[in-house]
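Since the structure comes first, as structure tokens, the remarks are kept for the end.
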Amino acid sequence: MAGESEQSDGDLEPGPKPGEVVKRHRLSTRLWHWTNALAIVILLMSGLSIFNAHPRLYWGSYGANADTPWLEITGEGTRGFVRIGSTEITTTGVLGRWRDENGDTSTRAFPSWATIPGYYSLAIGRLWHFFFAWVLVLAGLSYWIWSFANRHIQRDLAPRRSELKPSHIWHDIKDHARLRFPTGAAALRYNILQKTSYLLVLFVLLPLIVLTGLTMSPSMDAAWPWLLDIFGGRQSARSIHFICAFLIAAFILVHLVMVVLAGPVNEIRSMITGRFRLPGKREERAAPPRHPEFAEEQAQ
Amino acid sequence: MSKLITTRRKLIAGLGSSVLLAGCDSWSRSPGFQDVLASAEGLTRRAQRTITNREALAREFSAADLSPNFRANGSRTADSDAYRAMLANNFADFRLRVDGLVSRPLSLSLAELRAMPRRTQITRHDCVEGWSAIGQWTGVPLSRLLDLAGLRDSANYIVFHCADTYGSQGRPYYESIDLIDAFHPQTILAYDMNGQQLPERHGAPLRARVERQLGYKHAKYVTRLEAVASLDGIHGGKGGYWEDNGAYAWYAGI
């Protein structure tokens with residue numbers, strides 16, 4: 001990576017300089033990223049279709065209409081609401097009771113704009129879900145193997161000892177909160193919060209969501225009964241599956257916000273072509289200099 | 001100004017997402033694309049069959065684990081005069097027919113079925129919708145009936161023909177399984193549920209239990225078992241009511 005840059009006078013730090021275009025993401029990472037993005041969006045939306053068939057979650061082995069759910073999304077009268085335990089949150093218009101694009105009122109849990117298909121069909125939702133579940137699993141396994149083999153995970157994602165110091169983590173949290181993103185060559189490395197969230201998604205959420213998905217399969221439960229033991233029963237697995245999906249959706253949201261804040265064109269290009277323009281100094285990016293002489297002063 | 005931008009953003013986002021969703025929906029409705037998506041079903045079936053021992057049992061529970069209230073779903077009765085008459089005299093005239101590709105077609109009364117070797121199991125019933133209920137089932141192992149009837153080598157599937165109809169068109173309910181599931185030790189025709197005679201809403205007098213598959217495979221009000229080589233000629237040809245009428249997968253192991 002650093003080989004592409006030229007050294008210049010007065011530059012104490014070797015390596016690429018701000019403004020320079022460098023190779024950032026490997027082909028395997030880029031391919032996986034976009035395959036995964038497509039699969040995950042379809043899985044989330046078709047998953048909401050499936051959830052709509054029985055919008056209640058339980059803990060334990062069994063759970064149906066006569067049993068008490070820990071979460072329910074439903075409509076009552078003219079009101080839509082989410083009930084978690086004994087707390088009810090009114091969500092009329094979005095969850096539990098909403099209007100579709102034709103203006104018709106529906107009392108399904110998730111609205112048509114959030115589901116695949118946009119009309120209610122459990123069977124078609126399942127077709128989409130189980131096709132793209134294979135895409136997610138096969139692409140994910142290939143990425144795992146490939147990224148261990150080319151040391152992407154060990155080199156770029158594994159936190160270094162120094163990064164795990166509470167003071168370093170706290171510093172990074174403060175930088176994020178102030179939206180102070182790394183500039184120059186430092187922007188090529190993942191920071192500790194990024195590493196932690198990517199590792200959580202890669203090695204906790206994705207495996208959990210696949211395994212809890214399998215636990216909902218009666219055939220898999222016969223093949224691998226330990227699945228039921230580790231998740232505490234099929235309905236618990238269904239609940240954990242939903243919670244993981246929610247966390248993955250939250251990750252995507254934060255991820256997209258960070259991409260927008262860090263410079264969407266450069267970030268998206270780097271994930272398509274692999275090429276990334278190193279961000280310049282914070283002050284220069286924040287606002288164009290009003291006084292040319294001031295800017296010159298700063299550059300020295 | 002900022003309001004204008006928000007509106008424009010909303011418009012772009014709205015247009016973008018509705019074009020995307022409309023695309024998904026027209027694909028969802030296209031039989032060709034449904035077939036593409038459904039190709040994963042064969043992969044799932046083969047993958048699951050590869051890692052599962054043929055005889056691997058679904059987990060059995062104890063009486064303490066029973067659902068307090070086992071939900072009845074689908075047909076809650078078989079709405080015909082013939083069924084009402086049978087129900088009225090407690091199925092004294094009921095006959096289970098076993099025919100198709102068998103050497104010795106059978107016609108068995110409920111008393112005869114009850115006199116045969118039985119299996120009792122407390123298992124979890126998983127509906128395709130997502131809910132589960134635990135119940136205790138007692139009945140005749142399907143393998144026993146098939147052995148009695150002498151299954152021919154050409155048979156590949158067992159079809160459950162039922163007394164109930166479903167949907168606004170009143171189409172007959174039916175289901176089918178392959179021989180791996182037909183000879184599985186937990187595949188039974190249940191006549192008792194939770195220690196009582198099988199209630200009307202749960203499929204009296206006989207309900208199939210296919211414990212490694214979802215609820216719609218567990219046909220209720222079973223009146224006839226037919227051994228067939230292919231599912232093509234049976235009703236819609238896809239092997240079950242929901243497979244014919246709702247794009248549900250024939251293999252309901254997931």
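The sequence lines fix the lettering, A, B, ..., with proteins before strands; numbering per chain opens at 1. Treat the numbers as computed from the prediction; the structure is a model and nothing was measured.
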*chain A contacts, top residue of B/Thr44, B/Leu43, B/Leu57, B/Val36 (heavy-atom pairs, under 4.5 Å)*: B/Leu43
*Looking at B/Arg71 and A/Asn65, what are the two nearest heavy atoms and their distance?*
NH1-OD1, 2.5 Å
*asked:* Consider side-chain contact (heavy atoms from CB on, under 4.5 Å). Of B/Asp126, B/Ile134, B/Leu66, which one does A/Tyr62 pass it with?
replied: B/Ile134
*Does any heavy atom of chain B fall under 4.5 Å from the side chain of A/Ile116, the backbone, both, or neither of them?*
side chain
*Quick one: of B/Ala40, B/Ala252, B/Ala58, B/Ser39, who has the most non-hydrogen atom pairs under 4.5 Å with chain A?*
B/Ala40
_Show the nearest heavy-atom pair for residues B/Ile51 and A/Met220, with the distance to one decimal._
CD1-CE, 3.4 Å
*If you check every heavy atom in residues 136-145 of chain A against those of chain B, which residues fall under 4.5 Å?*
none
_If the contact rule is any heavy atom under 4.5 Å from chain B, which residues of residues 230-249 of chain A qualify, in numerical order?_
A/Arg234, A/Gln235, A/Arg238
_At a 4.5 Å cut-off on heavy atoms, which part of B/Arg29 comes close to chain A: side chain, backbone, both, or neither?_
both
*Identify which of A/Trp128, A/Tyr58, A/Phe130 forms the greatest number of heavy-atom pairs closer than 4.5 Å to chain B.*
A/Trp128
*asked:* Is it the case that the side chain of A/Arg126 and the backbone of B/Ile254 share a donor-acceptor pair, with hydrogens and angles ignored and the cut-off at 3.5 Å?
replied: yes
*Between B/Gly246 and A/Ala123, what is the shortest heavy-atom contact and its length?*
O-CB, 2.8 Å
*Identify which part of B/Glu41 has an atom lying under 4.5 Å from any heavy atom of chain A, answering side chain, backbone, both or neither.*
neither
*For B/Asn73, is it the side chain, the backbone, both or neither that has a heavy atom under 4.5 Å from a heavy atom of chain A?*
neither
*Residue part contacting chain A, namely of B/Phe33, when any heavy atom lies under 4.5 Å*: side chain
*Under 6.0 Å from the CH2 atom of A/Trp134, do we count more than 12 heavy atoms belonging to anything else shown?*
yes
_Sub-4.5 Å heavy-atom contacts with chain B: which residues of residues 30-41 of chain A show up?_
none
_Using every non-hydrogen atom in the two residues, find where B/Phe61 and A/Ser61 come nearest and quote the distance to one decimal._
CE2-OG, 3.7 Å
*So which of B/Ala38, B/Ser132, B/Pro68, B/Gly130 has the biggest tally of heavy-atom pairs under 4.5 Å with chain A?*
B/Ser132
*Relative to chain B, which segment of A/Phe132 carries a heavy atom at a distance below 4.5 Å: side chain, backbone, both, or neither?*
side chain
*Pick one of side chain, backbone, both or neither for A/Ser121, based on which atoms fall under 4.5 Å of a heavy atom in chain B.*
neither
*Give the member of A/Ser217, A/Ala222, A/Pro218 that has the highest number of heavy-atom pairs under 4.5 Å with chain B.*
A/Pro218
*Contact origin within B/Leu214 toward chain A - heavy atom pairs under 4.5 Å*: both
*What heavy-atom pair brings A/Ala223 and B/Thr52 nearest, and what distance separates the two atoms?*
CB-OG1, 3.5 Å
*asked:* Suppose we screen for salt bridge (charged side-chain N to carboxylate O under 4.0 Å, His left out). Which residues come up paired with A/Asp100, at least two apart in sequence or across chains?
replied: none
*Do other residues, nucleotides or ligands put more than 12 heavy atoms under 6.0 Å from B/Trp27 CH2?*
no
*Determine, stepwise, if the pair B/Tyr251 / A/Ser219 fulfils side chain to side chain donor-acceptor pair (under 3.5 Å).*
CA-CA 10 Å; B/Tyr251 178 67; A/Ser219 268; 3.0 Å; yes
*Please name the pair of heavy atoms, one in A/Leu122 and one in B/Val128, separated by the smallest distance, quoted to 0.1 Å.*
CD2-O, 3.7 Å
*Look at B/Ala249, B/Ala47, B/Cys127, B/Ser67 and state which one has the largest set of heavy-atom pairs under 4.5 Å with chain A.*
B/Ser67
*Is it the backbone or the side chain of B/Asn53 that comes under 4.5 Å from a heavy atom of chain A, or both, or neither?*
neither
*By a 4.5 Å heavy-atom criterion (distance strictly below it), what part of A/Asp67 contacts chain B: side chain, backbone, both, or neither?*
side chain
